[in-house]
Amino acid sequence: FESGESLSTLKDEELVSRARKIDQRAIEDLVYRYQQKAYAIAYQFSDGNIQDAEDLTQEAFLRAFQNLENFRGDSSFYTWFYRILVNVCLDGRRRRSRWQKIFQPWQREPVEKGLSPEERPDPEAHERSLKSISEKELSRDLRESLKSLPEKQRLAFQLKALHGMSIQEVARVMGTAEGTVKSHLFRATQFLREKFKDWEEG
């Protein structure tokens, strides 16, 4: 969307100060500034589900602006916001997991008779067309492998390796020590290297 009159030269702190006074342009500018990266994170947490990613991104921004008075400036706004986003995404994942367990007995794999694997519709074709996340997109195998990681290892790996956050930023978002983040990253990396060693040898 258009952000109206340009506030792009203002620092986050000034935008937050204006947003607290219900300055609509300041709110829009903060959303405009961080929505693409927020969506990319939500997209991966929702395992490539476009609608879920949009809903999670919107919910995170809504929750952030509803709780803007709790932002004390101890860290940067984007670190504070991404921590909210991650919590929203984790809550969303847990909700999906509970529903999947409820409905799993009735779920069956669709049978498409007469179609070879190459001829079947590619459900990820639309995903690949989204330029905004093209550089962040995971291959199906890697995405499935990430699902196998413990939640904290997966989160640390996604924020560091896929979204370019520093160890310090990841620690703040996760609310943990930097050494713990490094441990999560080491274990996640070791797991993925083992998982994809055949690719490297090939």
J.: State whether the side chain of T180 and the backbone N or O of T176 hold a donor-acceptor pair below 3.5 Å, judged by distance alone.
T.: no

J.: Hey, are the side chains of Q51 and D55 touching, using non-hydrogen atoms and a 4.5 Å cut-off?
T.: yes

J.: Report the residues that fulfil salt bridge (Lys or Arg N to Asp or Glu O under 4.0 Å) with E54, sequence neighbours left out, ordered by chain and then residue number.
T.: none

J.: Within the side chain of S17, is there an N or O that forms a donor-acceptor pair under 3.5 Å with the backbone of E13?
T.: no

J.: Pairs in or reaching into residues 175-194: which pass ring-ring contact (aromatic ring centres under 6.0 Å, His included), with residues at least two apart or in two chains?
T.: none

J.: Under a 4.0 Å threshold between the charged nitrogen and the carboxylate oxygen, would R25 count as salt-bridged to D29?
T.: no

J.: With a 4.5 Å heavy-atom cut-off, do K152 and M174 have their side chains touching?
T.: yes

J.: Tell me the closest heavy-atom pair linking Y39 and A53, and the distance in Å.
T.: CE1-CB, 3.5 Å

J.: Is it the case that the side chain of D23 and the backbone of A26 share a donor-acceptor pair, with hydrogens and angles ignored and the cut-off at 3.5 Å?
T.: yes

J.: Indicate yes or no: at least one non-hydrogen side-chain atom of I22 is less than 4.5 angstrom from one of F65.
T.: no

J.: The criterion is salt bridge (Lys or Arg N to Asp or Glu O under 4.0 Å); which residues satisfy it with K21, sequence neighbours excluded?
T.: none

J.: Go through L192 and F157 one step at a time and tell me if the side-chain contact (heavy atoms from CB on, under 4.5 Å) criterion holds.
T.: CA-CA 10 Å; L192 292 172; F157 183 85; 3.5 Å; yes

J.: Listed by chain and number, what are the side chain to side chain donor-acceptor pair (under 3.5 Å) partners of S76, not counting sequence neighbours?
T.: T79

J.: Check whether more than 12 heavy atoms from other residues, nucleotides or ligands sit under 6.0 Å from atom CD of E59, and answer yes or no.
T.: yes

J.: Over all heavy atoms of both residues, which pair between A60 and L85 is shortest? Give the atoms and the distance, please.
T.: CB-CD1, 3.5 Å

J.: Can you find a heavy atom in the side chain of L159 that is under 4.5 Å from one in the side chain of I41?
T.: yes

J.: Tell me, with the steps shown, if D12 and Y34 meet side-chain contact (heavy atoms from CB on, under 4.5 Å).
T.: CA-CA 11 Å; D12 285 357; Y34 294 111; 2.4 Å; yes

J.: So do the side chains of K11 and L15 get within less than 4.5 Å of each other, counting heavy atoms only?
T.: no

J.: Among Q44, Q158, K37, exactly one meets side chain to side chain donor-acceptor pair (under 3.5 Å) together with H163. Which residue is that?
T.: Q44

J.: Check whether any side-chain heavy atom of R187 sits under 4.5 Å from a side-chain heavy atom of L149, and report yes or no.
T.: no

J.: Give a yes-or-no answer on whether the side chains of N87 and Y82 include a donor-acceptor pair shorter than 3.5 Å.
T.: no

J.: For the residue pair L56 and D91, establish whether any side-chain heavy-atom pair is separated by less than 4.5 Å.
T.: no

J.: Test: salt bridge (Lys or Arg N to Asp or Glu O under 4.0 Å). Region: residues 154-166. Which pairs qualify, not counting sequence neighbours?
T.: D47-R154

J.: One pair to check against side-chain contact (heavy atoms from CB on, under 4.5 Å): V173 and L155. What are the steps and the verdict?
T.: CA-CA 10 Å; V173 168; L155 173 57; 5.5 Å; no

J.: Give the minimum heavy-atom separation between A19 and L68, together with the two atoms involved.
T.: CB-CD2, 3.6 Å

J.: Tell me, please, which residues at least two apart from F71 pass ring-ring contact (aromatic ring centres under 6.0 Å, His included).
T.: F77, W80

J.: Please lay out, stage by stage, how R20 and E69 fare under the test side-chain contact (heavy atoms from CB on, under 4.5 Å).
T.: CA-CA 7 Å; R20 280 175 172 157; E69 291 301 322; 3.6 Å; yes

J.: Can you name the nearest heavy-atom pair linking D52 to S46, along with the distance?
T.: CB-CB, 3.7 Å

J.: Report yes or no: do L62 and V16 belong to one cluster of Ile/Leu/Val/Met/Phe/Trp/Tyr joined by side chain heavy-atom distances under 4.5 Å?
T.: no

J.: Does a salt bridge link K182 with E178, judged by any charged N lying under 4.0 Å from a carboxylate O?
T.: no

J.: Which atom names give the shortest non-hydrogen contact between C89 and A42, and what distance separates them?
T.: SG-CA, 3.8 Å

